[in-house]
Amino acid sequence: MIRLSLALAKVGGLFVVFAAVLGGMALVTGAGVLVDSAFRAQPPLRLAGADVVVSARQSIPRKEDLPVALPERARLPLSLVATVSGVPGVAHAVGDLSFPAAALSGTAGRTGDPATAGHGWSSLAMSGRITAGRAPRTPDEIAVSGGKVGQRLQVMAAGRSGTYRVTAVVDAPGVYFTDAVAVTLADRAGGAVDLVAVRAAAGVDPGALAQKVAGRLGAGPTGGYEVSTGRDRADAESPGAAASRGLLLILPGSIGGISLMVVGFVVGGGLALSVNRQRRDLALIRAAGATPRQVRRIVTVQAVAAALPAALPGAALGYLLAARFGDLLTGVGLLRADQSLAYGPLPAVAATLLLLGVVRVAAWAAALRISRMPVIAGLPEPRTPSKVRTNAGLLIMLASLVLATLPLFVRTESAAVGPATSAILAVIGLALAGPWLIQQLTGALARSRLMARAPGPIWLAVNNSHGYALRTAGAVAALGMTLTLGLSVALTQTTIATAQSAQAAEGMRGLVTITAHELGGIPHDLLTDVRATTKATAVTMTTVATEPLLLGDDPGLMSRPAMALGPDAEGLIDLDIAAGSLARLTGDAVAVDEKAGRVGEHLDVIMGDGAKVRARVVATYRRGLGFGPIVVSRDLASAHTTTGLDSAILARPADVADLGALARRPGITLASTPDGPQHAATSAQSLVNFAVLAVLMGYVLVAVANRLVATTTARREEFAGLRRTGAAPRQLRRMVRWEALLVGAGASVAGLALCAVPLGLLGIGFLGRPLPAGPLWLAPVSVAGVMLIVCLAMEVPARKIIH
Amino acid sequence: MSAVVSLERVRKTYGEVTALDHVSLDFPRGRFVAVMGPSGSGKTTLLQCAAGLEPPDSGQVLIGGADVTRLSETKRTELRRKHIGFVFQSYNLLPTVSIEDNITLPLRLAGRRPDRAWLDELVGRMGLRERLRHRPAELSGGQQQRAAIVRALVARPDVVFADEPTGALDLRNAIRVLDVLRGLVDELGQTVVMVTHDPAAAARAHDTLVMADGKVIDTLAAPTADELAVRLAHLAAEPVA
């Protein structure tokens, strides 16, 4: 059976399957590496000397969903250090602290993230060794990983500038202060530590010890503490990293659906082509007594035979793709530089299984019709599209229009789901109803007066497109799909981003943003200094989790970045207040989007470190798109951030030059065109989306071109017949060019039409005009690209077989 | 009688096989000529060279006085369109368009308007008047072949070449098609050259050329089917060196 299947196979069609699977393997393996990395990647471990690390719980579990990550450090009571020390098998336990520290002059060697570079000396027992000098003893002594003993360094520690003398060089990253200074700087006079690092006594198994510690602390799945060993220690060290790894899961999740659908489309198209070419042979086999099941098996065997050789090179491509993608994610700051991807065999194996599944289903579907045909001699007629298929397609396209109205009701980033889902549905509808639509349109064209007088090649092109509606529609649907998906995803992003930054820009008109990322946050005295010159307010960026606030939010708990403002923001930053006032933003207070609540209500908020707060709503505002649906008070935020420092200062100087002296301070950055707080995240996200989209679209275009080449090459007989009927080679080439134009035009019209409605509605909802935000040249350029690809893919092979 | 198509010392080889071995031949106007011979004798190659479909390796092919071997592919196509009509065993109709569109396709390709009276005459003669709006698949094999004959004649060619025109037809339809071809010659003065291996079909022609090993070895005027059958049986029996 297998030998028969392979003997029957026509190389052309199966090559299309091979190429489709090759690309599909690359995409799915690439996405798989990201997912795998989310679970397995090993971030660098600072407390490498600790066998067990105790931390607070940095996530909130959700039912049947990924837990909500809490990126701000939750603290542990100091008493825990003593409790853990008392557990049998513990050799040594240290309370570890992290706080912002950065050298303003000279170098302090490796420090890692400045927001958490400062530590107490006792932490070194778990993170490294002293290589030169002696331990810091007085408040102005420090140890660093670079520099020289005896050197004096200007250090910004926890927002306070000071001069310190280096007394030791150590082999661990960070800046080490005496424990007393660390407690003061980290503001832990009340007694709290970030982590308890535990070294096991000789011969004690870390896993067993962790269980004992957990038992003593009452930790566990429901307890308040996490007890980590092995690679989990790194997550305990940096809750932000765990949250950023969550992104690795979400990204491929969101693109994975589209990718698999696209791969399915392309593989299915290739198989349909391959089956079509064997119609005569398969009909013969049926006549010779093969059952429909056997015919389907023949097709499946061929498909799998074409797919298997593609698995290995495809997977290799996938690993390369993932590496490039990892670089991109790091480049835009979505992935920490120290967070390397994990390259295991699992993604390749999973992708192979997934793709083989897709190929088998596609083969079954492609062979279904021909295998059930009654046994008749001769070539089957050109197929007519079935009514059920057409009606289903038209219905799905209609449904996509309904979804497209979502942006009229939802004015948050979630509205992007509308056009995106609408585009996917529309594309499926087009693939189903396409043949019928093509038949009707080209039929009308063929019967029109225009055609009665048309030159032979054009007349033939129109009639071929009409007569082989399925063949034409396959190409039209695939190319229309790239246009619709590409344009709607890209322009949805830009439209929402434009609307966001437009709102943010209005709200922050005339403001200058001062940031100090290199110092881990805004130094304490900076706000006072800025205020000496001009009116200013500090802003803290944090993360809060709430029940759904707006339509389109995650139905369970939803975490999102939020801005924290104080009463001094009133009159500086304009949120377009609907009720209440920012001046009342003190204590446990929040302001929310006017659609999310009312002044005087209470709102349960979980802060970034997991603290639960019942906050009063003191103001509602209209610029929720630019500033997010919730703004918390700075009083509330400052107690629940890792650094305890503000993220930025917003000032309104009469002249930017007034702030010149401040801008020259080391580590301070001034931006006179302020972006909204959502901006950085949105633009990074959209860059990633663009990159993914480009790869995906490239894959589809190559696959479609490949398929067009194969279908055109298969028309040798048809061309020979036309030549004998009196067609000159030049006329056949013209005919093929016109067919290419028809396919390209059909794809362009369908692609643009299907994304026009959702994008128009999105434009009305977000920008108040029936057009999405630019770059609108994307549309003509994509159309031109599609046209070029179709013409090349059809004309070049046609030239070869018309001699 | 002037020759419509003339071959002079035409030679055509496919690799090691000599399909036409220096053949010189005139096809006279207004005659129905059959070409017979065993498989591989070169009869289809003769037809393709005479029709200007295949350029010969050496020698001359004159169609309407022009040497087709010296023309470009496009010029050859234009010459064929003007002077030559084709009928094939497998009809060669486009499955996706109507019979009428199929019939007028050569004119469309030549950029000419159909001569309605001539078209009507041909369609009536072939009994296809009710079938013009149908697709080829909706017609019987005989009807499809008669449509192909109309298509071959619609541009008023000097000569119609038919390659096994009855090969795919049953006896009744085959006879009808042969009658039609003979009628074209006798009543309309057409010239028809037909390749066949069926002695009964060849017997409907005025003259029969017998080919073997790339050469015309015999020309028979109005032979009977039995005579032809005997002649062919001899050829099959004695392998020619």
Side-chain angles (χ1 to χ4, degrees), chain A residues 279-280 376-384 435 438-439 442-443 445-448 450-472 715-735 738-739 799 801-803, chain B residues 44 47-48 51-55 71-98 100-114 133 135-138 141 144 147-148 150-152 154-155 157 161-163 168:
Chain A
R279 290 177 88 82
R280 195 198 291 260
I376 45 155
L379 265 182
E381 284 310 293
R383 290 160 51 182
T384 46
I438 296 279
Q439 216 168 38
T442 51
L445 191 59
R447 282 188 299 274
S448 71
L450 215 63
M451 274 304 119
R453 296 280 160 82
I458 300 179
W459 183 87
L460 274 171
V462 169
N463 276 294
N464 280 343
S465 306
H466 174 60
Y468 296 99
L470 277 167
R471 179 173 80 190
T472 315
R715 292 172 68 184
R716 197 182 288 269
E717 290 275 305
E718 183 193 330
F719 290 164
L722 282 169
R723 291 277 288 112
R724 277 175 272 169
T725 318
R730 198 163 40 88
Q731 289 181 311
L732 287 187
R733 286 197 293 270
R734 268 186 76 194
M735 173 186 90
W738 274 96
E739 281 181 33
R799 266 175 193 281
I801 57 173
I802 304 166
H803 34 256
Chain B
T44 295
L47 183 129
Q48 283 175 344
L53 279 173
E54 285 262 16
L71 297 177
S72 72
E73 185 54 47
T74 302
K75 290 275 174 219
R76 259 211 314 272
T77 305
E78 283 162 6
L79 190 83
R80 275 205 307 272
R81 254 188 220 150
K82 203 166 156 199
H83 296 284
I84 292 171
F86 282 101
V87 177
F88 302 93
Q89 178 175 2
S90 51
Y91 327 135
N92 256 319
L93 298 173
L94 291 186
T96 55
V97 299
S98 69
E100 183 172 15
D101 284 337
N102 261 294
I103 289 171
T104 53
L105 181 60
L107 295 175
R108 220 180 255 282
L109 289 169
R112 284 161 56 190
R113 311 291 309 280
R133 303 238 160 259
R135 294 279 171 87
E138 295 167 297
Q144 289 190 54
V150 176
R151 182 179 62 183
V154 74
F161 285 103
D163 189 0

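Below, chains carry the letters A, B, ... as their sequence lines are ordered, and counting in each starts from 1.
- Contacts of R76(B) with chain A are absent, with no heavy-atom separation under 4.5 Å from either backbone or side chain.
- The parts of D101(B) that come within reach of chain A are both its backbone and its side chain, each placing non-hydrogen atoms under 4.5 angstrom from that chain.
- Between chain B and the options A727(A), P457(A), A720(A), P455(A), the largest number of non-hydrogen pairs under 4.5 Å is found for A727(A).
- Residues R151(B) and P106(B) meet the side-chain proximity criterion, which asks for heavy atoms closer than 4.5 Å.
- Between G726(A) and L109(B), the shortest heavy-atom contact is C-CD1, 3.9 Å.
- Of the listed residues (L93(B), V97(B), N102(B), L53(B)), the greatest number of heavy-atom pairs within a distance under 4.5 Å of chain A belongs to V97(B).
- For CD of E138(B), the number of neighbouring non-hydrogen atoms (other residues, nucleotides, ligands) closer than 6.0 Å is greater than 12.
- With a 4.5 angstrom heavy-atom cutoff, L107(B) does not touch chain A via any of its atoms.
- Across H83(B) and P157(B), no two heavy atoms sit closer than the pair O-CB, 3.4 Å.
- Closest approach of Q89(B) and A168(B) over heavy atoms only: O-CB, 3.8 Å.
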